[in-house]
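Proteins get letters first, then strands, A, B, ... in listed order; numbering begins at 1 in each. Values reported hereafter were calculated over all heavy atoms of this structure, with side chains retained and with hydrogens, waters and symmetry mates removed.
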Protein chains: 2
Amino acid sequence: MLRLSKLTDYATVILSFMAKNNERVCAAMELATATGIALPTVSKILKTLVNAKVLISTRGAKGGYLLAAAPDKITVATIISALEGPIAVTECSISQQGCEQAAGCNISGHWNVINRAIYNALESVTLADMIKPQETLIPITSLYRLESQNVSQ
Amino acid sequence: MLRLSKLTDYATVILSFMAKNNERVCAAMELATATGIALPTVSKILKTLVNAKVLISTRGAKGGYLLAAAPDKITVATIISALEGPIAVTECSISQQGCEQAAGCNISGHWNVINRAIYNALESVTLADMIKPQETLIPITSLYRLESQNVSQ
DNA sequence: ATAAATAGGACTAAAATAGTCCCCAATGAA
DNA sequence: TTCATTGGGGACTATTTTAGTCCTATTTAT
């Protein structure tokens, strides 16, 4: 299914909330309450996002978290790679030395083409896009074509 | 990292081998030997691919597996959805009823746009492409841009 | 000082994935 | 017609990954 982890999903929810409250420092506790995600989990995600420089943190009383850039400068690709590491579909695309079966495997170049296409798709959507009303963005026909895929499974 | 499961990776290796030996029936045992993947695992993957109609099987002595279509008609999207189910990045994109937090969540439409872009990328590469020599397909510049992403992790 | 926050990391629990095995069904050949 | 060969289906186990929690240290406003 080419799944994103739950934590990444949570991260987009948290960041969307923050983007709507742009320029305001939010404490972890506030974000947990607002999103309904447990505090320790929110906290873990926020720390990761700080390390990836998506957020800036302030310690101490009245501290909290703030977006490190404007919502239209933060892409989905950035968020995903912050939580999951490099955006690539196979192990061998990440480490340059390839897999054990490197000798018999001539297909890594093709995965790179695929990875690049996926990366471009993720790079083209920003946090600002995500908080826009969605009606402007769904071409109904595309949903139908996606669903017809599901049938084969 | 947006990972594909190992089984899917194996499937591409197995199918690539079969594509190179197109029109020849291959037994599971032969494929296991050729790819270095354990027989029970190969067998499991082959069964899945038969169910998804990517392969056709023949039982009994001299039986085995055959591609159900020409290599240039079998896309990577087909292979991936055979093994992993619908190609979508979030749970909520699959079931139409959305997640528990549906009320507060306005972003599913945006995931659909992303899913579609990814699906198109995967649909545009076929098994025939994958067995071509890879030199013809890697634009070096794209690799550099992909690597610069990895740094942030 | 003290209370309110984040930082870092260890740890546990739960879930998904990978891998194996067994018994059945089909088929071709001796 | 019997037997070796090959796939079909599914249960089961082990492993790995992911999710989630918790503890202690550090920072800072009041």
So, OP1 or OP2 of [N]: does either fall under 4.0 Å of a side-chain N or O from [X]?
| X | N | value |
| --- | --- | --- |
| Ser57(A) | dA7(C) | yes |
| Tyr10(A) | dT18(D) | no |
| Ser43(B) | dG7(D) | no |
| Asn51(B) | dG8(D) | no |

Nearest-Å distance for atom pair [atom1]/[atom2], residues [X] and [N]:
| X | N | atom1 | atom2 | result |
| --- | --- | --- | --- | --- |
| Ile45(A) | dT6(C) | CD1 | C1' | 15 Å |
| Leu4(A) | dT17(D) | CG | P | 18 Å |
| Glu30(A) | dA4(C) | CD | P | 16 Å |
| Tyr65(A) | dT28(D) | OH | P | 14 Å |
| Lys44(B) | dT13(D) | NZ | P | 14 Å |
| Leu39(B) | dG19(C) | CG | P | 13 Å |
| Ile14(B) | dG7(D) | CD1 | C1' | 15 Å |
| Leu83(A) | dG20(D) | CG | P | 13 Å |

Would you say [X] and [Y] make side-chain contact, with heavy atoms under 4.5 Å?
| X | Y | value |
| --- | --- | --- |
| Lys6(B) | Thr41(B) | no |
| Leu31(B) | Ile37(B) | no |
| Leu49(A) | Leu83(A) | yes |
| Thr78(B) | Thr126(B) | no |

Review point. Who else is in Met29(B)'s hydrophobic cluster (ILVMFWY, side-chain heavy atoms under 4.5 Å, direct or via others)?
Key: Leu39(B)
Tabulate protein N/O versus nucleotide N/O from nucleotides 12-17 of chain C, keeping only pairs under 3.5 Å, one per line.
from    : atom 1 : to      : atom 2 : distance (Å)
dT17(C) : OP1    : Arg3(A) : NH1    : 3.1

What side-chain donor-acceptor pairs closer than 3.5 Å can you find for residues 56-73 of chain B, not counting sequence neighbours?
none

**Study point:** Within residues 49-58 of chain B or reaching into it, pairs that qualify as salt bridge (Lys or Arg N to Asp or Glu O under 4.0 Å) - sequence neighbours excluded
**Key:** none
Review point. Among pairs that include at least one residue of residues 23-35 of chain A, which meet salt bridge (Lys or Arg N to Asp or Glu O under 4.0 Å), considering only residues two or more places apart or in two chains?
Key: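 Listed by first then second residue: Arg24(A)-Glu30(A).
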Exercise for review: Taking only Lys NZ, Arg NE, NH1 and NH2, and the carboxylate oxygens of Asp or Glu, determine whether Lys132(A) and Asp129(A) approach each other closer than 4.0 Å.
Suggested key: yes
Point to revise | B/S/- contact track for nucleotides 21-29 of chain C, protein heavy atom under 4.0 Å | key: ----BBBS-
